[in-house]
Amino acid sequence: MAISVFIIDDHFMVIEGIKTLLAGEKDIILTGHATDGKSALEYLAKNHTDVILMDINLPDINGIDLCAMVHKDYPKIKIIGLSTFNQLAYVESMIQNGASGYLLKNSTREEITEAIELVMDDKKIFSPEVNEMMKETSDTAPLISRREREVLQCISEGLTSKEISEKLFISINTVNTHRKSLMMKLNVNKTADLVRWAVKFNLVTITF
């Protein structure tokens with residue numbers, strides 16, 4: 001049976017490019033596309049798809065949050081992150097939020113089709129460039145995004161989520177999402193342990 005694929009990307013040229021690449025694939029059917037998170041969720045509420053190729057940089061909901069939402073409501077759908085961002089922090093965030101793979105937008109037709117087929121077999125798949133970076137990354141220090149580092153610095157200074165929200169001009173929910181992500185990356189359950197590991201890895205600046 002053919003694999004149904006849905007594209008979420010806010011660039012029309014990217015959508016058309018993927019359509020062109022996959023047009024001749026007999027075992028893959030493109031069911032449609034969306035250019036933002038809201039329309040994607042509206043589509044999924046009424047239609048089925050096996051695999052989603054999901055951009056991270058969307059105009060309304062960022063792909064990481066959208067990935068988590070889709071994975072929660074439709075756990076059987078396989079999600080492949082599709083982005084120009086090759087930082088491991090983005091890759092890790094997508095995987096932590098339910099993605100089965102991560103491809104860069106310069107991926108070849110063979111890489112995209114192979115990824116679609118492999119995730120349907122419950123396997124994880126990454127672009128060769130991402131795979132190489134993962135091999136080179138040390139296991140001793142976790143990779144965190146710039147915003148996570150800012151939140152971590154505020155936590156180490158003893159600020160509450162509300163105070164961090166006001167200082168960084170982000171919502172309390174966003175602060176708590178970053179806090180949860182940091183605890184997962186550092187494999188801790190308490191704020192005190194979070195700060196302790198942050199100091200160990202030199203992820204924050206402690207002033208006296």
Side-chain angles (χ1 to χ4, degrees), residues 1-137 143 145 181:
M1 181 178 291
I3 302 170
S4 56
V5 177
F6 186 72
I7 306 168
I8 305 176
D9 197 292
D10 63 334
H11 290 91
F12 183 74
M13 291 296 291
V14 173
I15 294 172
E16 289 302 306
I18 295 174
K19 285 182 177 180
T20 300
L21 287 175
L22 301 181
E25 296 296 323
K26 297 180 180 179
D27 297 326
I28 296 175
I29 299 175
L30 292 173
T31 58
H33 68 269
T35 56
D36 56 59
K38 181 181 177 182
S39 56
L41 293 173
E42 290 175 350
Y43 175 89
L44 294 175
K46 300 177 182 179
N47 302 276
H48 166 77
T49 192
D50 295 314
V51 177
I52 295 177
L53 298 178
M54 182 182 294
D55 188 13
I56 289 182
N57 191 22
L58 297 171
D60 53 353
I61 308 171
N62 74 69
I64 294 171
D65 291 338
L66 181 60
C67 181
M69 296 166 67
V70 172
H71 182 65
K72 178 183 177 182
D73 293 338
Y74 311 98
K76 292 184 178 180
I77 295 179
K78 306 298 182 181
I79 302 169
I80 300 175
L82 186 67
S83 179
T84 56
F85 302 134
N86 61 0
Q87 294 93 333
L88 285 180
Y90 290 106
V91 180
E92 291 177 342
S93 293
M94 286 295 286
I95 299 302
Q96 288 171 1
N97 283 284
S100 296
Y102 193 99
L103 297 176
L104 299 182
K105 288 187 177 180
N106 61 0
S107 296
T108 65
R109 178 179 63 83
E110 289 77 14
E111 289 169 353
I112 295 175
T113 55
E114 181 183 31
I116 291 171
E117 293 169 355
L118 287 175
V119 296
M120 287 301 294
D121 288 331
D122 294 322
K123 296 178 180 178
K124 291 286 192 296
I125 183 69
F126 305 96
S127 287
E129 182 178 341
V130 174
N131 264 328
E132 190 62 29
M133 286 190 301
M134 293 175 75
K135 291 178 182 178
E136 294 175 354
T137 301
L143 283 171
S145 67
S181 175

What's the separation between atom [atom1] in [X] and atom [atom2] in [Y], rounded to the nearest 0.5 Å?
{"X": "Cys67", "Y": "Ile61", "atom1": "SG", "atom2": "CD1", "result": "12.0 Å"}
{"X": "Leu104", "Y": "Phe126", "atom1": "CG", "atom2": "CZ", "result": "11.5 Å"}
{"X": "Lys78", "Y": "Ile125", "atom1": "NZ", "atom2": "CD1", "result": "13.5 Å"}
{"X": "Asp36", "Y": "Asp10", "atom1": "CG", "atom2": "CG", "result": "8.5 Å"}
{"X": "Leu22", "Y": "Ile116", "atom1": "CG", "atom2": "CD1", "result": "5.0 Å"}
{"X": "Tyr74", "Y": "His48", "atom1": "OH", "atom2": "NE2", "result": "12.0 Å"}

How far apart are the closest heavy atoms of [X] and [Y], and which atoms are they?
{"X": "Tyr102", "Y": "Phe85", "answer": "OH-O, 2.6 Å"}
{"X": "Ser93", "Y": "Ile64", "answer": "CB-CD1, 3.6 Å"}
{"X": "Gln96", "Y": "Ser181", "answer": "OE1-OG, 3.6 Å"}
{"X": "Leu30", "Y": "Ile18", "answer": "CD1-O, 4.5 Å"}
{"X": "Glu111", "Y": "Pro128", "answer": "OE2-CG, 3.5 Å"}
{"X": "Ile8", "Y": "Ala40", "answer": "CD1-CB, 3.5 Å"}

(Q) Can you confirm whether Lys19 is buried at NZ, in the sense that more than 12 heavy atoms of other residues, nucleotides or ligands lie under 6.0 Å from that atom? (A)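 Yes, NZ of Lys19 has more than 12 neighbouring heavy atoms, counting only those of other groups under 6.0 Å.
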Is any side-chain heavy atom of [X] less than 4.5 Å from a side-chain heavy atom of [Y]?
{"X": "Asn97", "Y": "Leu66", "answer": "no"}
{"X": "Val14", "Y": "Asp55", "answer": "no"}
{"X": "Ile112", "Y": "Leu21", "answer": "yes"}
{"X": "Leu44", "Y": "Ile52", "answer": "yes"}
{"X": "Leu53", "Y": "Asp9", "answer": "no"}

Full working for side-chain contact (heavy atoms from CB on, under 4.5 Å) between Ile15 and Thr35: CA-CA 9 Å; Ile15 294 172; Thr35 56; 4.1 Å; yes
Expected output: side-chain Ser100 to main-chain Ile80 donor-acceptor under 3.5 Å =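 No: the side chain of Ser100 does not pair with the backbone of Ile80.
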Practice task
Kindly say whether Lys123 contributes a backbone atom to a donor-acceptor pair with the side chain of Asp121 at under 3.5 angstrom?
Solution key: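 A pair under 3.5 Å: no.
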Is the shortest side-chain N to carboxylate O distance from Lys76 to Asp50 below 4.0 Å?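 No.
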*Steps toward side-chain contact (heavy atoms from CB on, under 4.5 Å) verdict (Ile56, Met94)*: CA-CA 9 Å; Ile56 289 182; Met94 286 295 286; 4.0 Å; yes
